[in-house]
Amino acid sequence: MPYFDWSGIDWFGNISKGTQFARSQEELCDVLLTQEIGLIKATLKKHTSLINPIKLAVKVQFFKELAILLDSGILLPRALNIIEKQITHPNFKRIVKEIYLDVSQGISINDSIVYYNDVFDNLTIQIIKTGSESGNLAISLKLLSEHLERRQLFLTKLRSALILPLVTFILFVFVTGLIFVTVIPTFSSILLSSGQELSFITKTLFNISNLLKEHILLIFGSWIMFLVVLNKILKNQKFKSKLDPILIRLPIIGNIIIYN
């Protein structure tokens, strides 16, 4: 079951807040009513974070171990319980525990995992659903882990290939910024004191240099904030579901996405 952050009010008008397991807001409302609390607001608690995101390698290991345990004859609730105790990632450990509690109460794994579409993509959810409904969950999980492992290998190779261009770009930006902040102002003072008529390009360079020098902290902070927000957006599954149909139509990039 997912967690809900909730706020409610009791018979005496006191406001209470907390976090509670529930399959839906309706079930949360029923649970709180047993405590004589009326629900005011409920928000589905997210499990991922930019500080400690769930890496693909963690999911690969989870599905691989779950497939092995199921294939050896261990029942799904017991298998989830065994794996949950071995997981060290705090966010993912909590998610697996919630899925384990759901399955232990008779909820199918595909009905439980669908609540975590911010962690598992649509393909993963559909493969698990197909395996659960067909009675071949172990086989489906094995195929899923192999697919995610190939994807992880591809992403590792892609990151390795991009490291040198990325480092070169960062170094270029740093050196360019250093020139604009330290070198160009020196030339600016010399040329301006000489009284020479400056060209449009020269004036533009001097203006950019002054802007960077006066607002370097603000520009640097804004750039970092932009990268953080962009990273958050790109990891959002709803955004990715809208972006992927566009990307697969692009040359080269589309083929990489489809075949990996």
Side-chain angles (χ1 to χ4, degrees), residues 1-8 17-35 37 39 41-49 52-145 147-148 235-238 240-241:
M1 274 179 254
Y3 279 103
F4 283 92
D5 288 328
W6 60 268
S7 59
K17 295 182 179 180
T19 302
Q20 177 67 43
F21 278 123
R23 283 189 292 268
S24 64
Q25 288 195 23
E26 290 75 14
E27 181 174 311
L28 174 63
C29 185
D30 293 338
V31 171
L32 293 178
L33 284 176
T34 62
Q35 305 173 27
I37 298 175
L39 179 64
K41 183 181 178 181
T43 305
L44 185 63
K45 191 175 182 65
K46 296 295 183 181
H47 302 278
T48 56
S49 69
N52 193 16
I54 301 171
K55 296 182 178 179
L56 184 58
V58 176
K59 302 176 191 177
V60 169
Q61 187 66 22
F62 167 69
F63 289 124
K64 185 182 293 185
E65 291 179 357
L66 186 57
I68 292 173
L69 290 176
L70 293 178
D71 195 44
S72 64
I74 298 176
L75 297 178
L76 180 58
R78 176 61 177 160
L80 289 169
N81 189 28
I82 292 172
I83 296 174
E84 181 267 325
K85 292 179 179 178
Q86 298 174 352
I87 295 174
T88 57
H89 192 288
N91 285 343
F92 198 59
K93 184 180 184 70
R94 182 172 60 178
I95 291 172
V96 174
K97 183 177 181 179
E98 292 171 18
I99 296 173
Y100 158 68
L101 292 174
D102 276 354
V103 174
S104 298
Q105 296 174 14
I107 301 171
S108 65
I109 187 172
N110 50 293
D111 287 337
S112 177
I113 205 170
V114 74
Y115 286 104
Y116 308 101
N117 56 7
D118 58 331
V119 177
F120 304 106
D121 57 28
N122 291 331
L123 177 61
T124 298
I125 293 173
Q126 289 302 318
I127 290 176
I128 292 174
K129 181 179 179 181
T130 302
S132 178
E133 292 178 349
S134 64
N136 297 313
L137 183 58
I139 297 175
S140 296
L141 291 174
K142 183 180 179 181
L143 294 174
L144 175 60
S145 65
H147 164 73
L148 294 179
K235 288 186 176 181
N236 185 281
Q237 292 296 335
K238 292 182 179 179
K240 288 178 66 178
S241 65

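Of all heavy-atom pairs between Leu39 and Lys41, the closest is CD1-O, 3.4 Å. For the pair Leu141 and Ala67, the tightest heavy-atom approach, listed with the atom from each and the gap, is CB-CB, 3.8 Å. The two atoms that bring Ser7 and Lys17 nearest to each other are CB-CG, 3.9 Å, heavy atoms only. Residue Ser112 comes nearest to Ile107 through the heavy atom pair N-CG2, 4.2 Å, listed as atom of the first residue, atom of the second, then distance. When all heavy atoms of Ile128 and Leu137 are compared, the closest pair comes out as O-CD1, 3.9 Å.
To the nearest 0.5 angstrom, Glu98 atom CD is 7.0 Å from Ile95 atom CD1. Taking CZ of Phe62 as the start and CG of Leu80 as the end, the distance is 5.5 Å to the nearest 0.5 Å. Taken from CG in Leu70 to CD1 in Ile139, the straight-line distance is 11.0 Å, to the nearest 0.5 Å. Here the CG atom belonging to Leu66 is positioned 10.0 Å from the CD1 atom belonging to Ile82, to the nearest 0.5 angstrom. Rounded to the nearest 0.5 Å, atoms CG (Leu148) and CZ (Phe120) are 10.0 Å apart. Atom NZ of Lys97 sits about 13.0 Å away from atom CG of Asp102, to the nearest 0.5 Å.
Partners of Glu26 according to the side chain to side chain donor-acceptor pair (under 3.5 Å) rule, which considers only residues two or more places apart in sequence or in another chain, are Ser24. For Leu75, the side chain to side chain contact (heavy atoms under 4.5 Å, CB included) partners two or more places apart in sequence, or in a different chain, are Pro77. Lys93 pairs by the salt bridge (charged side-chain N to carboxylate O under 4.0 Å, His left out) definition with Glu84, not counting sequence neighbours.
Listed by first then second residue, pairs satisfying side chain to side chain donor-acceptor pair (under 3.5 Å) with a partner in residues 62-75 read Gln61-Glu65, Lys64-Glu149, not counting sequence neighbours. Among pairs with a residue in residues 129-141, those fulfilling side chain to side chain donor-acceptor pair (under 3.5 Å) read Asn110-Ser132, at least two apart in sequence or across chains.
Put simply, the side chain of Ile83 does not reach to within 4.5 Å of the side chain of Tyr100, judged on heavy atoms. The closest side-chain heavy-atom distance from Thr124 to Lys59 is not below 4.5 Å.
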